[in-house]
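Fair warning: this is a prediction, and the values are worked out from it, not measured in the lab. Residue numbering restarts at 1 for every chain, and letters A, B, ... go by the order of the sequence lines.
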Number of protein chains: 2
Amino acid sequence: MMRKAMNRVHQEPETERRILCSAEKVFYRQGYDGARMQEIADEAGINKALLHYYFRSKDRLFDAVFSDAVLRLVPPVFAVMNSDSALMDKVRGFVDAYFSTVSQNPFLPGFVVHEMHRNPSRFSEIIKESRLLMLEGLQHQLDEGAANGELIPMQAEQFILNLLSLCAFPFVAAGAMQSVSGKNDAEYQQLLEERRELIPQWMSRLVECGA
Amino acid sequence: MMRKAMNRVHQEPETERRILCSAEKVFYRQGYDGARMQEIADEAGINKALLHYYFRSKDRLFDAVFSDAVLRLVPPVFAVMNSDSALMDKVRGFVDAYFSTVSQNPFLPGFVVHEMHRNPSRFSEIIKESRLLMLEGLQHQLDEGAANGELIPMQAEQFILNLLSLCAFPFVAAGAMQSVSGKNDAEYQQLLEERRELIPQWMSRLVECGA
DNA sequence: GAATAGTTTAACTTTATAGTTAAATAGTGA
DNA sequence: TCACTATTTAACTATAAAGTTAAACTATTC
């Protein structure tokens with residue numbers, strides 16, 4: 001019992017964390033199907049036996065990584081969207097939160113998108129409650145703004161879709177987009193960084209009447 | 001020699017096309033790593049032996065499917081963008097061309113994005129010439145509009161990135177976005193269809209000063 | 001009716017990968 | 001010192017998938 005508590009033995013105290021980081025790297029880049037347990041072990045500087053000693057199977061290891069990914073991506077974003085800020089403050093908060101997370105983990109959005117495609121049911125439960133709250137609040141703000149003549153009428157779903165598209169797609173499709181834009185890695189990253197400031201401006205032009 | 005010419009024998013005259021369609025279905029949904037040759041054979045109603053008789057290996061079959069995918073997606077889009085239309089006519093043309101192709105093949109964008117992520121060099125050659133042409137022309141129109149005071153200043157790369165994001169992301173991330181939006185398949189498709197009209201309006205709000 | 005291209009069948013080889021096992025080693029705390 | 005946990009090693013099994021092969025069958029064409 002008590003597989004591994006604070007009384008740590010031998011060297012390598014946080015091997016589990018090392019494994020998770022390595023698994024993350026490999027799964028993020030190659031996806032579940034493309035990832036190899038051996039590669040994860042190599043990346044962590046350990047052997048397969050120890051990998052299975054900590055995580056019984058590829059599936060369990062993947063689940064751990066995927067949950068981490070979703071929890072890293074979703075809550076900060078929902079926290080902002082479910083706050084009672086003004087619409088454009090929410091947008092700025094969202095973009096900031098999103099870029100802070102994703103700039104550190106540029107493959108995270110593509111990973112989540114691809115794995116959700118393989119198994120769409122994956123995180124619907126995780127976000128079910130937050131979702132309704134967010135959409136209702138958002139729709140209310142949009143309707144109110146439209147009634148005032150300050151905003152053009154828009155469905156909350158389309159608003160969110162636009163915001164997420166502008167933020168996430170350039171990361172998700174970085175491979176393809178670098179080809180299209182003809183930029184090298186550094187130049188493309190620069191392009192992305194500029195969007196952190198630009199997207200909020202664009203979103204306000206999208207919906208505000210007098211902007 | 002002359003592996004298979006117009007003098008066709010037996011039934012099944014366009015078996016090769018049937019195989020390509022089946023391979024497309026499977027590769028689009030599951031990606032290279034997730035696809036199984038047996039599944040492709042089953043989908044085509046044939047056996048593995050015949051699959052290898054037509055396409056020597058999984059790689060060759062995949063290459064055929066990927067090339068088809070890129071050629072289906074890219075040229076109509078570049079044709080519009082390289083025309084000498086006004087900026088907003090280009091946008092409308094692009095969105096029309098894109099949605100016409102992609103509504104028939106909703107998994108196409110995700111497939112291309114994911115496979116470009118695995119091997120980014122893949123189609124850079126295919127589009128190299130068209131790309132420069134497109135970006136130059138676009139930047140010229142944007143600069144001209146900005147000089148007139150009709151448009152806000154914007155880099156052509158950001159403009160393209162925005163247009164592609166708004167068009168492609170809702171398809172690429174359909175699995176995740178249905179969770180976020182809480183829509184079922186039909187409702188989500190409806191949401192997508194509405195964007196065909198909305199995106200050109202949004203793009204003009206994005207860049208036009210008096211809009 | 002013989003030659004040929006397309007197709008099937010089913011068994012086969014090869015390879016890659018997940019996962020297992022057992023034995024040895026080494027530090028830790030009781 | 002003993003029991004315990006973490007770790008390594010290396011060989012192992014099991015399985016799934018890619019790819020091969022040979023033999024037979026089937027229309028079609030010449």
Side-chain angles (χ1 to χ4, degrees), chain A residues 1-66 114-115 118-119, chain B residues 1-66 114-115 118-119:
Chain A
M1 326 302 123
M2 165 164 142
R3 268 180 35 92
K4 142 183 40 73
M6 33 193 45
N7 56 337
R8 47 181 37 77
V9 189
H10 206 177
Q11 287 97 331
E12 319 301 358
E14 69 295 87
T15 306
E16 181 165 340
R17 176 158 290 172
R18 277 236 317 288
I19 294 177
L20 274 173
C21 284
S22 309
E24 202 172 89
K25 268 191 205 163
V26 176
F27 280 131
Y28 278 20
R29 284 176 190 267
Q30 331 223 136
Y32 180 87
D33 289 320
R36 300 291 157 239
M37 292 296 270
Q38 186 61 58
E39 198 178 341
I40 294 171
D42 292 348
E43 178 79 34
I46 58 164
N47 48 354
K48 266 197 319 176
L50 195 60
L51 205 53
H52 284 87
Y53 178 77
Y54 276 91
F55 299 86
R56 294 175 51 77
S57 69
K58 187 180 184 183
D59 280 285
R60 282 166 184 261
L61 181 52
F62 177 81
D63 282 345
V65 169
F66 185 79
H114 181 245
E115 296 303 332
R118 286 197 339 150
N119 184 351
Chain B
M1 329 301 123
M2 167 165 137
R3 269 179 35 93
K4 144 184 37 75
M6 34 193 44
N7 56 336
R8 46 181 38 77
V9 189
H10 205 177
Q11 286 98 330
E12 321 299 357
E14 70 295 86
T15 306
E16 180 164 341
R17 175 159 291 173
R18 276 235 320 288
I19 294 178
L20 273 174
C21 283
S22 308
E24 201 172 89
K25 268 191 206 167
V26 175
F27 279 131
Y28 279 20
R29 284 177 189 266
Q30 329 223 136
Y32 179 87
D33 289 319
R36 298 293 157 237
M37 293 296 271
Q38 186 60 58
E39 198 177 341
I40 294 172
D42 293 348
E43 178 79 34
I46 59 165
N47 49 352
K48 265 197 318 176
L50 194 61
L51 205 53
H52 284 87
Y53 178 77
Y54 276 91
F55 299 86
R56 293 176 51 78
S57 69
K58 187 181 183 181
D59 280 284
R60 283 166 183 261
L61 180 52
F62 177 82
D63 281 345
V65 169
F66 185 78
H114 181 245
E115 296 303 331
R118 285 196 339 147
N119 184 351

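- Considering only side-chain atoms of B/Met37, the nucleotide from D/dA18, C/dG19, C/dT8 that sits closest is D/dA18.
- If you find the closest nucleotide of DNA chain C to A/Gln38 and to A/Ala49, the one lying nearer the 5' end belongs to A/Gln38.
- Considering every non-hydrogen atom in both B/Lys58 and B/Tyr32, the closest pair reads NZ-O, 3.0 Å.
- Following rounding to the nearest Å, B/Leu50 (CG) and D/dC25 (P) show an atom-to-atom distance of 18 Å.
- Atoms CZ (B/Arg36) and P (D/dT15) sit 17 Å apart, rounded to a whole Å.
- Following rounding to the nearest Å, B/Tyr54 (OH) and D/dT20 (C1') show an atom-to-atom distance of 18 Å.
- Between D/dT7 and A/Tyr53, no contact under 4.0 Å exists linking OP1 or OP2 to a side-chain N or O.
- Here OG1 of B/Thr15 is found 7.5 Å from CD1 of B/Ile46. Values are rounded to the nearest 0.5 Å.
- Atoms CG (B/Leu51) and P (D/dT21) sit 16 Å apart, rounded to a whole Å.
- If you take NE2 of B/His52 and C1' of C/dC12, they are 14 Å apart, rounded to a whole angstrom.
- A straight line from CD of A/Glu16 to P of D/dT5 spans 16 Å, rounded to a whole angstrom.
- When the P atom of C/dG19 is taken as reference, atom CZ of A/Phe62 falls 14 Å away, rounded to whole Å.
- Protein atom CZ of B/Arg60 is 17 Å distant from nucleotide atom P of D/dA18, rounded to whole Å.
- Look at B/Thr15 and you won't find any side-chain N or O under 4.0 angstrom from OP1 or OP2 of C/dG6.
- The two residues A/His52 and A/Arg56 have their closest heavy-atom pair at CD2-O, 3.2 Å.
- Note on A/Ala41: nothing from the nucleic acid sits closer than 4.0 angstrom, heavy atoms only.
- Of all heavy-atom pairs spanning B/Lys48 and B/Ala41, the tightest one is N-CB, 3.9 Å.
- Checking B/Gln38 against B/Asp42 by side-chain atom types alone, a donor-acceptor pair falls below 3.5 Å.
- A donor N or O paired with an acceptor N or O is found under 3.5 Å between the base of C/dG19 and the side-chain atoms of A/Lys48.
- OP1 and OP2 of D/dT9 both lie 4.0 Å or more from every side-chain N or O belonging to A/Asn47.
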